[in-house]
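Accompanying notes for the structure given below.
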Number of protein chains: 2
Amino acid sequence: MGFDDQLPPKTRLLRAAAELLANSEGSAVSTRQITKLAGVTAPTLYHHFGTKEGLFDAVVSAGFEEYVAGERDFAPSGEPLEDVRRMWDNHVRFGLTQPHLYLVMFGNIRPESRPSIVADAEALMEEMLNKAAASGQLNVAPREAARSILAANVGVTLMLIAEPVEDRNLELSTMTRDSMISAVSTDKARGAATGDAGKSSVVVAAIALNAALQASHSDQLSSSELKLFLEWLHRISSSS
Amino acid sequence: MGFDDQLPPKTRLLRAAAELLANSEGSAVSTRQITKLAGVTAPTLYHHFGTKEGLFDAVVSAGFEEYVAGERDFAPSGEPLEDVRRMWDNHVRFGLTQPHLYLVMFGNIRPESRPSIVADAEALMEEMLNKAAASGQLNVAPREAARSILAANVGVTLMLIAEPVEDRNLELSTMTRDSMISAVSTDKARGAATGDAGKSSVVVAAIALNAALQASHSDQLSSSELKLFLEWLHRISSSS
DNA sequence: CCAGTTCATATAGCAACGCTATAGGTGCTA
DNA sequence: TAGCACCTATAGCGTTGCTATATGAACTGG
């Protein structure tokens, strides 16, 4: 069925399952679809993988190796916290590129396989944070920081996956990422080079005024004036 | 089948589904199990709910109302950020108490129902953050802060649910919670909220913004825009 | 060179699944 | 009492995950 007949059936099953899992938008994938695409019959699948879940686990293992490879495959920048940011972004990118694989890995609740994968991902993050801790950039234990950061990372990625593609806003990711990192690290205020106290107080005041205006329905401005006013407020308060 | 036969079939179906959903450890629940427990036959289910998913959606709606009730049912402490912490803890508690319901609500990826639930939860959080913003305690827009906090909240809760009960460490929750809140808030009362009890918060915020703008020479607005903006600001702040 | 063993695949089919076409029973209003 | 919604049951369709059984191919020991 349009699949390389030279490959051994086990490989063909793995590829067929991965392909169907990747293309089916959330809906279930049946063993009959898989075996048909792989060009084998049902018992072959159960001979090699025992169960449908077993086949999916094998696919997930392959996917996790790809994930780990992605998390390791960049030159360390010498700045550990910067590398943590890259790991975060890699994580999100992996989730958005392979949402179904990601959901099986991080979204499901499967008392056996999931914790092990999560533990491995945590270990990767902790490893990186150890370097930051060694140079005095962390104010909490690396393990706890890794767990906390990874939890937020998973939450953000799930949010983004669940959103329609057209209005996915990656700023949610970068903002949460920097919040988490700055909270566990000693050197606060990323981008402090450009940030100064006066400007940030403008932002704070603008945000406060915006919230207060919307809550109070002040009639000091006409509706058209208010609209423009709020637009400018937004421009001010979204500058960082 | 051991279910109150006085109740209408629709209610019995809902209760049976909720019970089976709550007790089945992750494994699927079949319509036949549900209808048998409810003491009705298959077509009754489809008459009332259209589809299996429809029945589950109804269960989730009930669960969500319970969630919202939990998020609203505490006296505001007068300190908005403290209330945000309580909302966070409520969220986690709800997830750990009803993990299966929670997973359907926040863990699954269902392009229709999930975003609406998430959006409602975000609105709840944003509502609370608006109060914080009005008193100048936020340094990002309430909506973005709400999305970010909720994402981390969901991620932490999923982590905790996936962990074996015996070594669940709630410190992960409090630590991530405080990290997110401290990253998004500004504990220093920057001018805006300094004890001007008499004036409305709009006026206070406008005055603060006015002062801050003149001190910082922000370049987000052109000079003509700035002039008009300040004029409006003056109109707002001189109203009492 | 062949009997024995093991591995890998196919034929055929089971029980359970979500779902529905159809019909019968119930309580209401006219 | 007739008619009409509404609600539920009988029976069964097509599909699902999975398997008891059998067959062919490849290797091994004598």
Side-chain angles (χ1 to χ4, degrees), chain A residues 1-61 100 103-104 108-113, chain B residues 1-61 100 103-104 108-113:
Chain A
M1 275 296 156
F3 236 97
D4 194 346
D5 289 347
Q6 307 292 34
L7 274 55
K10 187 170 181 177
T11 307
R12 278 184 291 167
L13 278 168
L14 273 174
R15 296 203 182 169
E19 181 176 323
L20 288 176
L21 219 47
N23 293 357
S24 83
E25 295 293 327
S27 61
V29 177
S30 71
T31 59
R32 282 174 164 81
Q33 289 175 347
I34 297 172
T35 55
K36 184 180 177 183
L37 179 61
V40 297
T41 50
T44 306
L45 190 161
Y46 293 91
H47 172 71
H48 287 294
F49 299 100
T51 183
K52 182 190 186 183
E53 205 74 0
L55 171 57
F56 286 178
D57 283 351
V59 173
V60 166
S61 292
H100 305 91
L103 282 175
V104 177
N108 262 0
I109 180 179
R110 302 198 304 174
E112 307 140 26
S113 67
Chain B
M1 272 296 153
F3 235 98
D4 193 348
D5 289 349
Q6 307 293 32
L7 273 55
K10 189 170 180 176
T11 306
R12 279 185 289 167
L13 279 168
L14 274 174
R15 296 202 182 169
E19 180 175 323
L20 288 176
L21 218 48
N23 292 356
S24 82
E25 295 294 327
S27 63
V29 177
S30 70
T31 58
R32 283 173 163 83
Q33 289 176 351
I34 297 172
T35 54
K36 184 179 177 185
L37 179 60
V40 297
T41 50
T44 306
L45 191 161
Y46 293 91
H47 172 71
H48 286 292
F49 300 100
T51 182
K52 182 189 184 183
E53 205 73 2
L55 170 58
F56 285 178
D57 284 351
V59 174
V60 166
S61 292
H100 305 92
L103 283 175
V104 177
N108 261 2
I109 180 180
R110 301 197 304 175
E112 306 139 27
S113 67

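If you're wondering where the values come from, they're calculated on a predicted model, not measured in any experiment. Convention: sequence-line order gives letters A, B, ...; per-chain numbering from 1.
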(request) Counting heavy atoms from C-beta on, name the nucleotide in dT8(D), dT19(D), dA10(C) closest to the side chain of Tyr46(A). (result) dT19(D)
(request) Tell me which nucleotide among dT20(C), dA8(C), dA10(C) gets nearest to the side chain of His47(A). (result) dA8(C)
(message) Please report the distance, rounded to the nearest Å, between CG in Leu45(A) and P in dA8(C).
(response) 14 Å
(request) Using a 4.5 Å cut-off on heavy atoms from C-beta on, say whether the side chain of Phe56(A) contacts that of Ile34(A). (result) yes
(request) Verify, without hydrogens or angle tests, whether Lys36(B) (side chain) and Thr41(B) (backbone) share a donor-acceptor contact under 3.5 angstrom. (result) no
(message) Rounding to an integer number of Å, can you tell me how far Leu20(A) CG sits from dG17(D) P?
(response) 11 Å
(request) Compare the minimum distances between each of dC18(D), dA10(C), dG18(C) and the side chain of Arg32(A), then state the nucleotide with the smallest one. (result) dC18(D)
(request) Verify the contact: side-chain N or O of Thr31(A) to OP1 or OP2 of dT16(D), cut-off strictly under 4.0 Å; return yes or no. (result) no
(request) Please state how far atom CZ in Phe49(B) lies from atom P in dC19(C), giving the value in whole angstrom units. (result) 13 Å
(message) At under 4.0 Å between heavy atoms, how does the protein contact nucleotides 20-27 of chain D? Give one character per nucleotide, 5' to 3', with B, S or -.
(response) B-------
(message) With a cut-off of less than 4.0 Å, is there a side-chain N or O of Thr51(B) near OP1 or OP2 of dG18(C)?
(response) no
(request) Quickly work out the Leu13(B) CG to dC7(D) P distance and round it to whole Å. (result) 13 Å
(request) Evaluate the side-chain proximity of Leu55(A) to Tyr46(A): yes if any heavy-atom separation is below 4.5 Å, no if none is. (result) no
(message) I want to check something: taking the side chain as every heavy atom from C-beta on, are Phe49(B) and Asp57(B) in contact at a cut-off of under 4.5 Å?
(response) no
(message) Let's see if you can work this out: which of dG17(D), dC19(C), dT9(C) has an atom nearest to the side-chain heavy atoms of Ser30(A)?
(response) dG17(D)
(request) Check the distance between dT16(D)'s P and Phe56(A)'s CZ and give it to me in whole angstrom. (result) 12 Å
(request) Indicate yes or no for a side-chain donor-acceptor contact from Thr51(B) to the backbone of Gly54(B) under 3.5 Å, with no hydrogens or angles considered. (result) no
(request) Nearest whole angstrom, please: distance from the P of dC7(D) to the NE2 of His48(B). (result) 6 Å
(request) Quickly work out the Lys52(B) NZ to dA16(C) C1' distance and round it to whole Å. (result) 12 Å
(request) Would you kindly give the NZ-to-P distance between Lys36(B) and dC17(C), to the nearest whole Å? (result) 10 Å
(message) Let's see if you can work this out: which of dT9(C), dA10(C), dT8(D) has an atom nearest to the side-chain heavy atoms of Thr41(A)?
(response) dA10(C)
(message) Quick check against the 3.5 Å criterion: does Lys52(B) have a side-chain atom that pairs as donor or acceptor with the backbone of Leu45(B)?
(response) no
(message) Among Val40(A), Thr44(A), Thr35(A), exactly one meets side chain to side chain contact (heavy atoms under 4.5 Å, CB included) together with Arg12(A). Which residue is that?
(response) Val40(A)
